[in-house]
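Since the structure comes first, as structure tokens, the remarks are kept for the end.
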Protein chains: 2
Amino acid sequence: MTSRKVVSFENIKVACKNCSLATLCLPMGLTPDDVERLDCIIKRGRPYHRGDHLYRGGDKFHSLRVITSGSVKTYSPNEDGGEQVLGFHLPGELIGLDAIQDDCHTCSAIALETTAVCEIPFSQLESLSAIMPSLQHQMYRLLSREIGQDTEMLTLLGKKSAEERLATFLLSFSERFKQRGFSASDFFLSMSRHEIGNYLGLAVETVSRLFTRFQDENLLRVERKHVQLLDIPRLYDIVQGCDSAKSSQSRG
Amino acid sequence: MTSRKVVSFENIKVACKNCSLATLCLPMGLTPDDVERLDCIIKRGRPYHRGDHLYRGGDKFHSLRVITSGSVKTYSPNEDGGEQVLGFHLPGELIGLDAIQDDCHTCSAIALETTAVCEIPFSQLESLSAIMPSLQHQMYRLLSREIGQDTEMLTLLGKKSAEERLATFLLSFSERFKQRGFSASDFFLSMSRHEIGNYLGLAVETVSRLFTRFQDENLLRVERKHVQLLDIPRLYDIVQGCDSAKSSQSRG
DNA sequence: AAAACGACTTGATCAACATCAAGAATTTCT
DNA sequence: AGAAATTCTTGATGTTGATCAAGTCGTTTT
């Protein structure tokens, strides 16, 4: 039920140097020698199943984690039982960066499907980065990138309409799937409508209606989790917020 | 017109070891020796005036900056002329972390009043942190903290009502002023209503109305930029989102 | 001091999206 | 396979906060 497999689950013994995700991940920009040294501290456990927690808010922080297959939702459980979905993470993406601050996870991470991860013990990573300038640089870059992504999300939630939010969401997945060698226009979403709505600051019903409307406007075809983007350029127009997108469509 | 001064503008020659902000800033947790070494790479220029840019989106990235007095607004100028305010920064706070990613500022920073900063050339900081584990650790912590703050902001914009947003905003300033040795309940805001609204994802008019309403409910007194918080506990109740706050007030 | 400008406030109206409610389609459980 | 529980969709209604409009107050300019 995974959208598509990047690394099959049996590759538990895979090393960074053989990993197709290396260019997206921590080893990016490192020399083969350095990758080898980094590889030594990485732990690869058995996969998580749908609904398993990788960690929970409040847990002591030990390791950063890179998704190698499957997908993960991070969320912060807020006082009144509800939750705020913070992100959906695909293979090659690093999670747990927010926990460095005080050695404690501030949010929770849960597998949305069968999911494998690499665990990188942070204290060892820190030691290694102290003697490996390229790794230190890569860490600074990744942390900085995370900040940049969060601020983009702030603009999305602060200023964009429901329509713009969903289009941005879909194109984000499109781009990320493409980066990973999959179709940019035909993919499966592993999260529910409810989770999409929560992430985008919208009600489930609004998300559902928007999917229907986008389909009516021939922007995409959708059937449950399966999404086919039919007019990516017009989706980008919508993201821009200019309503030129509207004028160029002719309802069928 | 500054809210209050932390370090007078003349302290251009101040060193980290004498700086009252050291416990909030990069030197936090460093030994006096390490602080000394860090101090060597820091540049302290003449103050910026209201409206001066510290940097603009697109500028090449050279230095992180710590506010030492005054205040700064960061914002990302978006395509259609508008802007998204990303944050308001007080003395001791580090800005520019988002630019590490690709050596280029993604957002702009502008002084809201007369403002002094320490400049920390990043390449030198990076080199130093490679030979100073405690500094490296502090950098990781600060970057992680920034991520944590951004995700809090995501929850604010994704789930909270206008009332909750403004209460959170005010208490954030209250806490930060207190941390810096000033009154938690009596301060000046250096930004306009328009900027507050932009930051919180609200229209100016909504912000203005909320100030009026909070004042009517004896939560605070406000006159232009001058704010006096009269009932901080009830403001915290509002932040929580439980409407117990409403029931405990009796309109006069 | 008068005039012009910008920031803030207040009121009236409107629209986008949430909420409530019910039904259809899927998945899970037994 | 059949029942129960979810998830998703669709419609009707309601509310929050945006937008539009006008006026007040403060500040800067001349």
Side-chain angles (χ1 to χ4, degrees), chain A residues 1-2 49-51 73 80 82-85 110 112-114 156-170 188-217 220-227 238 241 243 246, chain B residues 1 49-51 73 80 82-85 112-113 156-169 188-217 220-227 238 241 243 246:
Chain A
M1 200 68 52
T2 72
H49 298 112
R50 177 180 170 75
K73 172 183 82 170
D80 49 327
E83 66 182 48
Q84 167 71 40
V85 175
I110 190 170
L112 290 170
E113 58 190 310
T114 304
L156 189 79
L157 294 180
K159 300 272 171 305
K160 306 286 191 172
S161 69
E163 194 180 40
E164 291 166 328
R165 293 181 201 192
L166 188 63
T168 304
F169 174 82
L170 291 169
F188 287 80
L189 295 173
S190 55
M191 73 296 297
S192 69
R193 299 282 190 272
H194 184 84
E195 289 166 324
I196 296 173
N198 185 306
Y199 176 60
L200 297 176
L202 301 171
V204 204
E205 296 92 329
T206 304
V207 174
S208 182
R209 272 183 259 267
L210 282 170
F211 268 121
T212 306
R213 199 167 101 213
F214 282 178
Q215 182 161 260
D216 290 348
E217 292 172 357
L220 51 77
R221 193 166 308 154
V222 60
E223 199 199 340
R224 304 263 313 153
K225 312 260 173 190
H226 184 196
V227 176
I238 291 175
D243 15 308
K246 303 227 142 146
Chain B
M1 199 70 55
H49 298 112
R50 176 177 170 78
K73 172 181 82 170
D80 48 328
E83 66 181 48
Q84 166 71 39
V85 174
L112 291 171
E113 58 189 311
L156 188 79
L157 294 179
K159 300 273 173 302
K160 305 286 191 172
S161 69
E163 193 181 40
E164 291 165 332
R165 292 182 202 193
L166 188 64
T168 304
F169 174 82
F188 287 81
L189 296 172
S190 56
M191 73 296 296
S192 69
R193 299 283 189 270
H194 184 83
E195 289 166 323
I196 295 173
N198 186 307
Y199 176 61
L200 296 176
L202 301 171
V204 204
E205 295 92 329
T206 304
V207 174
S208 182
R209 272 183 258 269
L210 282 170
F211 269 121
T212 306
R213 199 167 101 213
F214 281 178
Q215 181 161 257
D216 289 348
E217 291 173 358
L220 50 77
R221 193 166 309 155
V222 62
E223 199 198 341
R224 299 226 16 114
K225 313 259 176 193
H226 184 195
V227 177
I238 291 175
D243 14 310
K246 302 225 143 146

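Each chain gets a letter, A, B and so on, in the order the sequences are listed, and its residues count up from 1. Since the model is a prediction, treat every value here as computed from it, not as a measurement.
- A 4.5 Å side-chain heavy-atom check between A:Phe214 and A:Val222 finds every atom pair outside the cut-off.
- We find that CE of A:Met191 is positioned 11 Å from P of D:dC8, with the value rounded to whole Å.
- For B:Arg213 and C:dT9, the CZ to P distance is 15 Å, given to the nearest whole Å.
- Separating the CG atom of A:Asn198 from the C1' atom of D:dT7 is a distance of 15 Å, rounded to the nearest angstrom.
- In this structure, A:Lys225 does not reach the C:dT26 phosphate: none of its side-chain N or O atoms is under 4.0 Å from OP1 or OP2.
- Residues A:Leu202 and A:Arg165 meet the side-chain proximity criterion, which asks for heavy atoms closer than 4.5 Å.
- Among residues two or more places apart in sequence or in another chain, the side chain to side chain contact (heavy atoms under 4.5 Å, CB included) test is passed with A:Thr212 by A:Asp216.
- Here the side chains of A:Val85 and A:Ile196 are not in contact, with every heavy-atom distance at 4.5 Å or above.
- The interatomic distance linking A:His194 (NE2) with D:dT6 (P) rounds to 13 Å, in whole Å.
- Residues satisfying the side-chain hydrogen bond (donor to acceptor under 3.5 Å, both in side chains) test with A:His226, not counting sequence neighbours, are A:Asp186.
- The CZ-P distance, from A:Arg193 to C:dA24, rounds to 19 Å in whole Å.
- Taking the side chain to side chain contact (heavy atoms under 4.5 Å, CB included) definition, one finds that B:Arg50 meets it with nothing, sequence neighbours left out.
- Residue pairs meeting the side-chain hydrogen bond (donor to acceptor under 3.5 Å, both in side chains) criterion with at least one member in residues 200-211 of chain B: none, sequence neighbours excluded.
- Each end of the helix from C:dA1-D:dT30 to C:dT30-D:dA1 yields a helix axis from five base pairs, and these two axes differ in direction by 50° (to the nearest 10 degrees).
- Atom NZ in A:Lys159 sits about 16 Å away from atom C1' in C:dA16, given to the nearest Å.
- Each side-chain hydrogen bond (donor to acceptor under 3.5 Å, both in side chains) pair with one or both residues in residues 191-203 of chain A, not counting sequence neighbours, appears once here: A:Lys73-A:Glu195, A:Ser192-A:Glu195, A:Asn198-B:Lys159.
- Distance A:Leu112 CG to D:dT7 C1': 15 Å, rounded to the nearest Å.
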Nucleotide by nucleotide, 5' to 3', does protein get under 4.0 Å of the base (B), only the sugar-phosphate (S), or neither (-) in nucleotides 12-28 of chain D, counting heavy atoms?
-> B----SSBB--------
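- Under the side chain to side chain contact (heavy atoms under 4.5 Å, CB included) criterion, A:Arg221 pairs with A:Gln215, A:Gln228, A:Leu230, not counting sequence neighbours.
- The nearest whole Å value for the distance from the CZ atom in A:Phe211 to the P atom in C:dA24 is 23 Å.
- B:Ser192 comes within 4.0 angstrom of the backbone, heavy atoms only, and of no base.
- Residue B:Thr212 places at least one side-chain N or O closer than 4.0 Å to OP1 or OP2 of C:dT10.
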